[in-house]
Amino acid sequence: MNGQSDFIQDSVIEQTLSHAVRKDRAAVEDIISKALEMKGLDLPDIAVLSTISDPELLAKLFDAAKKVKETIYGRRLVLFAPLYISNLCSNECLYCAFRARNKEVKRRVLTQPEIYQEVEELVKQGHKRVLLVAGESYPKEGFSYVLKSIETIYTVKVGPGEIRRVNVNVAPLTLEEFKELKAAKIGTYQLFQETYHRQTYKGVHVSGKKADYDWRVSAMDRAMEAGIDDVGIGVLFGLCDWRYELLALMQHIHHLEAKFGVGPHTISVPRLEPATGSDMASHPPKPVEDIEFRKIVAILRLAVPYTGIIMSTRENPNMRRETFALGVSQISAGSRTNPGGYAEGKDVLDEAQFSLGDHRGLDEVIQDITELGYVPSFCTGCYRLGRTGQDFMDMAKPGLIKEHCDPNALSTFLEYLQDYASEATKQAGFKLIEKTLNSMDEKPKSLSTKMLEAVRSGKRDVYC
Ligand code: SAM
Ligand code: SF4
């Protein structure tokens with residue numbers, strides 16, 4: 001075992017999985033009841049839940065996940081857009097269109113003025129949060145290209161709008177570089193291990209720096225040591241057995257909790273999607289069926305109730321709708337994965353990273369989730385007020401964070417409705433705001449009413 005990554009204990013995972021033979025109904029129900037206490041689940045419990053196939057037990061699992069999601073997150077859904085700044089890459093990840101040897105992809109590195117234009121487009125749509133994404137190779141200026149790009153994003157102002165939080169998904173950095181990223185005022189640093197299974201990892205990352213498993217799996221340690229206390233982890237589902245990945249993900253979380261007192265802020269659950277020039281992306285080695293994917297989201301919701309779960313536009317609208325109920329708390333919308341895709345107004349498949357499952361624009365997604373009764377949120381309050389890492393979890397666990405999230409969701413949703421929404425979305429949105437207000441306790445209701453009044457009277461960026 002290697003010192004840097006000995007928190008991923010392969011033998012413990014294998015043993016736990018092999019002991020988790022299908023348990024009787026009563027044992028499974030006990031685990032589900034324990035999960036409803038919202039204190040999380042340990043590895044053997046998670047392994048047992050992953051074996052469920054009986055429709056009645058599955059319904060109980062999904063029901064429990066829905067209850068936990070509603071209790072902790074209410075009906076809010078935070079929205080963001082990915083911003084691909086470059087598809088240059090020196091790695092050879094067999095599943096990705098950006099891999100170095102792929103001749104079918106046109107390479108494109110956005111200049112700072114081009115990044116400005118992309119962000120203008122996103123701001124005009126109503127976005128407030130972006131996730132900056134890049135391949136692992138930067139133009140001449142090296143990593144400072146990423147830092148400059150973040151600076152550019154924060155300078156864009158169009159009418160009443162601007163980007164208020166930049167999250168970042170770039171290759172693992174050194175401690176010094178992470179410190180620079182922190183100084184650039186990022187929100188979350190996000191990085192997916194892709195697979196925690198060492199052999200599988202080796203087989204799919206054939207060359208380039210990313211082939212070093214330990215450098216990647218230890219990235220969050222360096223990020224947190226550098227003071228970035230909101231980190232987002234994830235697995236690329238489809239590469240290895242999803243049951244293995246869930247337990248390894250938990251080991252990663254436990255490691256960060258033990259070392260830094262707080263685990264990841266978010267977990268992402270990308271599933272492998274077709275990508276130009278990748279046979280593997282079209283034929284995943286361990287495909288995850290839809291029902292299993294829903295199980296993954298539900299089990300994660302129960303295992304780590306206070307950690308956000310992110311669902312991207314890799315999934316189609318139906319799967320997205322189903323998983324909102326099961327525990328998803330953040331979604332991307334109106335996404336393009338080709339650098340320059342927003343300003344050009346189109347997906348260009350031979351420049352994009354993978355094909356999307358949800359092609360709808362932001363307003364259409366917002367109207368849809370509003371009609372489903374979810375409150376779209378563009379909130380950036382916690383990050384702006386320094387409620388991150390441990391401070392955030394200290395408020396989230398006793399349920400106090402809701403008192404901020406709900407009013408902030410309503411005020412940023414109203415901002416969106418007034419400044420950007422179509423008439424149909426406005427109508428649905430105003431009704432939902434009223435309905436939500438009426439269902440709130442007195443204290444958050446009165447705070448929300450004041451904040452909504454401020455937005456109605458023309459104030460912007462109102463948060464608590
Ligand atoms: N290059 C950096 C890296 O690999 O960490 C950061 C950006 S990379 C473009 C972001 C993520 O896209 C990867 O971590 C991977 O999980 C995901 N990805 C790559 N190919 C994919 C595919 N075919 N389908 C779905 N997601 C994919
Ligand atoms: Fe490059 Fe990231 Fe794609 Fe791998 S996943 S080829 S590192 S962009």
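Order of listing sets the numbers, starting from 1, for every ligand and every atom in it. Keep in mind that the numbers below use all heavy atoms, side chains included, and drop hydrogens, waters and symmetry copies.
- Set against the non-hydrogen atoms of L191, the atoms of ligand 1 under 4.0 Å away are 5 (O).
- Of the protein's heavy atoms, R314 NE, 3.1 Å lies nearest to atom 25 (C) of ligand 1.
- Aromatic rings from F413 and F378 are positioned such that their centres are separated by 6.0 Å or more.
- Counting protein heavy atoms only, atom 13 (C) of ligand 1 is closest to E194 OE2, 3.2 Å.
- By the side chain to side chain contact (heavy atoms under 4.5 Å, CB included) test, T71 pairs with M38, sequence neighbours left out.
- Considering backbone and side-chain atoms alike, K210 places an N or O below 3.5 Å from some N or O of ligand 1.
- The single protein non-hydrogen atom nearest to atom 20 (N) of ligand 1 is Y95 CD1, 3.4 Å, given as residue, atom name and distance.
- Between N167 and Q190, the side chains place no donor N or O within less than 3.5 Å of an acceptor N or O (distance only, hydrogens not considered).
- Closest to atom 19 (C) of ligand 1, if we only count protein heavy atoms, is Q353 NE2, 2.9 Å.
- Residues that satisfy the side chain to side chain contact (heavy atoms under 4.5 Å, CB included) test with C405, not counting sequence neighbours, are R76, I401.
- Residues that satisfy the side chain to side chain contact (heavy atoms under 4.5 Å, CB included) test with V78, not counting sequence neighbours, are R129, Q330, S377.
- In this structure, Y374 has its ring center closer than 6.0 angstrom to the ring center of F324.
- Within the listing of ligand 1, atoms 7 (C), 9 (C) sit less than 4.0 angstrom from a heavy atom of V133.
- Using 4.0 Å as the threshold, A134 has a heavy atom nearer than that to some atom of ligand 1.
- The number of protein N, O or S atoms lying under 2.8 Å from atom 1 (Fe) of ligand 2 is 1.
- When side chains are defined from C-beta on, Q125 does not count as touching D363, because their heavy atoms never get closer than 4.5 Å.
- In this structure, atom 24 (N) of ligand 1 lies nearest to the protein heavy atom E273 N, 3.0 Å.
- Looking at R216 against ligand 1, only its side chain comes within 4.0 Å, counting heavy atoms.
- Which parts of ligand 1 touch L236 is read off a 4.0 Å heavy-atom cut-off, strictly below it: atoms 16 (O), 25 (C), 26 (N), 27 (C).
- Aromatic ring centres of H205 and Y95 lie closer together than 6.0 Å.
- Taking the six-membered ring wherever Trp is involved, the centroid distance between the rings of F392 and H265 falls below 6.0 Å.
- Around atom NE2 of H283, no more than 12 heavy atoms belonging to other residues, nucleotides or ligands sit under 6.0 Å away.
- Remark: minimum distance from atom 21 (C) of ligand 1 to any protein heavy atom is reached at F354 CD2, 3.9 Å.
- Looking from atom 6 (C) of ligand 1 to the surrounding protein, the closest heavy atom is N169 OD1, 3.0 Å.
- Below 30°, between 30° and 60°, or above 60°: for H252 and F7 the angle between ring planes is below 30°, a parallel geometry.
- At a threshold of 4.5 Å between non-hydrogen side-chain atoms, the residues V235 and F192 do not count as touching.
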